[in-house]
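Indexing begins at 1, ligand by ligand and atom by atom, following the structure's order.
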Amino acid sequence: MPMLYFHNMTGRFAPSPSGYMHIGNASTALLSWLQVKSYGGKILLRIEDIDHERCKKQYVDSVFEDLIKLGLDWDEQPLFQSNRENDYATALEFLIKKNLIFPCSCSRKDIRKSIQGQGESHQSYPGTCLNKKLPFEGPYSLRLKNWDGYPIVKRSNNIWSYHFTVVIDDAYQEISHIVRGQDLKECDPLQNHLRKLLGYGFPKISHAPLWFGPNKKKLTKTDGAVSLRDYYNKGWSPEAILGHIARGIGLNKDLGPVNAEDLIHKYESYNWDKHYVSSREVLHL
Ligand code: GLU
């Protein structure tokens with residue numbers, strides 16, 4: 001079947017440098033890269049470092065190193081969310097002018113208490129401060145009015161929310177195709193709602209299979225999950241890691257070492273729906 005080429009197709013890697021990359025991150029990055037490469041598009045790198053309490057320079061460096069080792073190259077200069085404050089502030093101002101944002105003074109404890117009072121059926125922040133008319137300049141978190149649970153856009157410690165920054169940056173970088181973990185699927189409706197409010201287009205979003213650790217829990221960067229560098233330290237090559245990933249996500253039948261380039265033609269018949277529901281377990285080291 002002839003391949004369709006999207007000359008404006010733009011994908012992205014969007015890692016948060018809050019820990020070393022693990023197999024799950026590499027697997028999502030690989031699928032993103034393959035999607036773009038097989039359709040002749042470009043792929044951009046965005047470092048999602050808005051949470052300055054959790055993100056560290058050593059992890060940023062390791063993202064570059066790990067992607068390069070795996071042969072997952074990117075186009076253009078990486079974008080750092082920590083440099084994007086002005087655009088976030090402009091978008092916030094736009095939503096405030098549209099009367100879509102309210103300040104909230106509730107602490108986590110206050111919210112826990114109000115949730116307890118709601119019973120089993122409803123478990124989200126009930127909008128306690130919605131009509132309090134607190135000043136926007138105060139030490140408050142800022143929340144969105146017209147969405148269930150009134151999601152935070154900016155925290156009281158001035159950290160922007162993931163949802164808010166991700167949609168602004170995907171629009172800024174003109175991302176047409178997003179690949180991210182299945183665990184983020186639940187974020188799609190809110191993010192698309194924000195896109196609509198901000199007048200942005202809607203990228204196509206695909207969800208990559210998740211990987212589990214030996215404890216049967218989803219791998220996360222922050223709980224010391226087995227990282228790519230643990231594999232390298234045990235003597236694995238980047239190609240062996242890619243082979244393990246490719247077999248795990250159903251791209252390749254063999255477990256043998258492969259190059260990212262060699263997987264491009266395999267991706268052309270990749271069935272996202274078939275592999276979507278499955279989860280993979282990392283090999284024990
Ligand atoms: N920064 C997020 C992460 O590292 C991914 C965000 C996204 O793909 O939308 O998990």
Side-chain angles (χ1 to χ4, degrees), residues 9-36 41 43-67 70 72 74 78-84 87-88 91 151-153 155 159-195 198 200-213 217-228 245 249 272 276 279:
M9 180 184 200
T10 306
R12 41 83 151 175
F13 304 128
S16 308
S18 54
Y20 291 115
M21 268 176 75
H22 56 61
I23 293 274
N25 306 132
S27 165
T28 303
L30 174 67
L31 280 170
S32 210
W33 188 87
L34 290 172
Q35 187 186 54
V36 160
I43 187 149
L44 305 181
L45 172 59
R46 179 167 78 234
I47 303 291
E48 302 214 318
D49 57 349
I50 30 161
D51 186 344
H52 41 81
E53 286 166 13
R54 290 170 63 205
C55 297
K56 300 211 162 41
K57 162 101 173 57
Q58 84 210 61
Y59 300 136
V60 176
D61 294 341
S62 74
V63 164
F64 296 146
E65 222 177 272
D66 283 333
L67 290 174
L70 294 172
L72 306 179
W74 59 90
L79 183 75
F80 286 77
Q81 287 195 323
S82 50
N83 293 335
R84 301 266 308 128
D87 277 11
Y88 304 151
I152 289 188
V153 164
R155 292 176 213 293
I159 294 183
W160 298 95
S161 82
Y162 153 67
H163 299 294
F164 192 60
T165 55
V166 94
V167 300
I168 295 170
D169 288 339
D170 282 335
Y172 176 73
Q173 294 188 291
E174 298 181 3
I175 303 298
S176 62
H177 287 69
I178 294 175
V179 174
R180 59 185 177 203
Q182 265 178 49
D183 53 333
L184 293 175
K185 189 174 168 63
E186 61 190 37
C187 306
D188 296 352
L190 167 60
Q191 291 184 9
N192 281 335
H193 176 66
L194 282 166
R195 288 188 175 101
L198 291 164
Y200 301 153
F202 299 90
K204 176 168 171 29
I205 307 178
S206 309
H207 299 96
L210 294 183
W211 286 75
F212 286 78
K217 290 212 177 112
K218 181 176 83 70
L219 294 182
T220 66
K221 282 195 205 111
T222 39
D223 66 4
V226 184
S227 67
L228 294 181
I245 293 175
I249 59 179
W272 282 88
Y276 170 72
S279 299

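Not counting sequence neighbours, the partners of Arg54 by the salt bridge (charged side-chain N to carboxylate O under 4.0 Å, His left out) test are Asp51. Applying the side-chain hydrogen bond (donor to acceptor under 3.5 Å, both in side chains) criterion to Gln35, with sequence neighbours excluded, gives no partner residue. In this view, Phe202 satisfies the ring-ring contact (aromatic ring centres under 6.0 Å, His included) rule with no residue, not counting sequence neighbours.
Side-chain atoms of Asn192 never come within 3.5 Å of backbone atoms of Pro189 as a donor-acceptor pair (strictly under, hydrogens ignored).
Between Tyr200 and Ile168 there is a side-chain heavy-atom pair separated by less than 4.5 Å. Side-chain contact check for Asp66 versus Asn25: every heavy-atom pair is 4.5 Å or farther apart.
Taking a heavy-atom cut-off of under 4.0 Å, ligand 1 is surrounded by Arg12, Ala14, Pro15, Ser16, Glu48, Tyr162, Val166, Arg180, Leu184, Lys221.
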